[in-house]
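Only one structure is covered here, and it is reproduced in the block below.
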Protein chains: 2
Amino acid sequence: MMVTVMMIGEVAEKTGFSVHTLRYYEKIGLLPETLRDAGGRRVYGPDVLVWLEFVERLKQIGMPIRDRVRYAEMRALGDSTISERRELLQTYRDDLAKRVASLSETLDVLDAKITTYETAAKCNGASR
Amino acid sequence: MMVTVMMIGEVAEKTGFSVHTLRYYEKIGLLPETLRDAGGRRVYGPDVLVWLEFVERLKQIGMPIRDRVRYAEMRALGDSTISERRELLQTYRDDLAKRVASLSETLDVLDAKITTYETAAKCNGASR
DNA sequence: CTAGGTGATAGAGTGCACTCTAGGTCAAGC
DNA sequence: GCTTGACCTAGAGTGCACTCTATCACCTAG
């Protein structure tokens, strides 16, 4: 059976992270040290895509890179870190819930403002 | 009738922006040039609080400072910029709607993961 | 009258998260 | 056999958005 392996360029293309960023992520510990081929080039399995997608989510919710690294490190340590990981995620989850609420409110504010602008434009258009 | 005026420290306290940040915002044009008292100190009216609250919202939705300044400049120019302002807000509004949807999804992902962690912790706790 | 607190300026410094450069290796196709 | 393109490393550079420092002016309470 064929095992799907990827070079760094392919991972970059599939995840949207740049090649530079992927190497940077490995250096800081956000990606585990990658297997290399005979020529010293990184070889990735398909799992890395799942992990990077999750990392992207953590990034999108505003988790600073330091905490993403911390999470990655705990993940690498295995089951003994589960409760600590849960706590970390819980903190960000609660914060995220608040932010989603606040952003929804802002969405309403923007809609109201846009409506006002549309009305104003119409009135100006008619009166001038 | 008493007119409520504020010094910069009071504005800072009420808005959550630091005094440094408020002066910085004025320098880059995010705040209009402020009136000064006899001693050269900035004197603010109550309107600035409303504006800063809105600026904070624009910041929270991820509008870069350059666009916030652009918006502030257009606002200072008056009605002739209304349609341009509407367009700018519309762009960020649409982007925001997508982000809110994506963040809600992430909220579900986090909840699922947290649940998994709780289950895992329980099983480990029982089996060890 | 002086000490403390708040205000002012110009400009330097900080932290984050990449992003890019220089200089090199290596395998494949013409 | 040589060019091309994807990969490698170490380390410098970038852009954003503040944040702080040094130094000075002003006003009020004790």
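Just so it is clear: chains get the letters A, B, ... in the order the sequence lines come, proteins before strands, and each one is counted from 1. Since the structure is predicted, the reported quantities are computational estimates derived from the model, not experimental observations.
Taking 4.5 Å as the limit, some side-chain heavy atom of A:I65 sits within range of a side-chain heavy atom of A:Y24. You'll find the side chain of A:L89 reaches within 4.5 Å of the side chain of A:L58, heavy atoms only. The shortest distance between side-chain heavy atoms of A:R93 and A:Q90 falls below 4.5 Å. Residues A:M6 and A:V43 form no side-chain contact, since every pair of their non-hydrogen atoms from C-beta on lies 4.5 Å or further apart. Counting only heavy atoms from C-beta outward, the side chains of A:T15 and A:E56 never approach each other to under 4.5 Å. Considering only heavy atoms from C-beta on, B:L52 comes within 4.5 Å of B:L22 through its side chain.
With A:F17 as the aromatic partner, A:K59 does not meet the cation-pi criteria of under 6.0 angstrom to the ring centre and within 45 degrees of the ring axis.
Atom CG in A:L22 sits roughly 14 Å away from atom C1' in D:dC8 (whole-Å rounding). Between A:R23 atom CZ and D:dA10 atom P there is a gap of 11 Å when expressed in whole angstrom units.
By the ring-ring contact (aromatic ring centres under 6.0 Å, His included) test, B:Y92 pairs with no residue at all, sequence neighbours left out. The side chain to side chain donor-acceptor pair (under 3.5 Å) check on B:T81 picks up B:R85, with sequence neighbours excluded. Considering only residues two or more places apart in sequence or on other chains, A:S18 meets the side-chain contact (heavy atoms from CB on, under 4.5 Å) condition with A:H20, A:T21.
Pairs of residues two or more places apart, or lying in two chains, that qualify as salt bridge (charged side-chain N to carboxylate O under 4.0 Å, His left out) and include a residue from residues 14-25 of chain B are B:E10-B:K14. Among residues at least two apart or in separate chains, there is no side chain to side chain donor-acceptor pair (under 3.5 Å) pair with a member in residues 45-55 of chain A.
Only B:K59, B:P64, B:I65, B:R66, listed by number, bring a heavy atom of residues 59-66 of chain B to less than 4.0 angstrom from any atom of DNA chain D. Less than 4.0 Å separates DNA chain D from at least one heavy atom of each of the following residues of residues 29-55 of chain B: B:R41. Using a 4.0 Å cutoff on non-hydrogen atoms, the parts of residues 8-15 of chain B near DNA chain C are B:I8, B:G9, ordered by number.
In this structure, A:F17 reaches neither bases nor backbone, as no heavy-atom distance under 4.0 Å exists between it and the strands shown.
A salt bridge links A:R70 with A:D67: the closest approach of a Lys/Arg side-chain nitrogen to an acidic carboxylate oxygen falls below 4.0 angstrom.
Across all non-hydrogen atoms, the minimal contact from B:S104 to A:V100 is OG-CG1, 4.0 Å. Across A:I82 and B:A120, no two heavy atoms sit closer than the pair CD1-CB, 3.7 Å.
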side-chain contact (heavy atoms from CB on, under 4.5 Å) evaluation trace for A:V11 with A:R42: CA-CA 10 Å; A:V11 176; A:R42 291 170 180 82; over 6 Å; no
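For DNA chain C, the span of nucleotides reached by chain A at under 4.0 Å from its heavy atoms goes, 5' to 3', from C:dC16 to C:dA27.
Using five terminal pairs a side, the axes of the helix from C:dC1-D:dG30 to C:dC30-D:dG1 at its two ends make an angle of 10°, given in steps of 10 degrees.
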Could you pull out all donor-acceptor pairs under 3.5 Å where a side-chain atom in residues 30-39 of chain A meets a protein atom, sequence neighbours excluded?
residue: A:T34; atom: OG1; partner: A:E26; partner atom: OE1; Å: 2.9
residue: A:T34; atom: OG1; partner: A:P32; partner atom: O; Å: 3.4
residue: A:R36; atom: NH1; partner: A:G40; partner atom: O; Å: 2.8
residue: A:D37; atom: OD1; partner: A:G39; partner atom: N; Å: 2.9
residue: A:D37; atom: OD1; partner: A:G40; partner atom: N; Å: 3.1
residue: A:D37; atom: OD1; partner: A:R41; partner atom: N; Å: 2.9
residue: A:D37; atom: OD2; partner: A:R41; partner atom: NE; Å: 3.3
residue: A:D37; atom: OD2; partner: A:R41; partner atom: NH2; Å: 3.4

Between the protein and nucleotides 2-4 of chain D, list every N/O to N/O distance that falls short of 3.5 Å.
none

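Checked by atom type and distance alone, the side chain of A:R57 never pairs as donor or acceptor with a backbone atom of B:L110 at under 3.5 Å.
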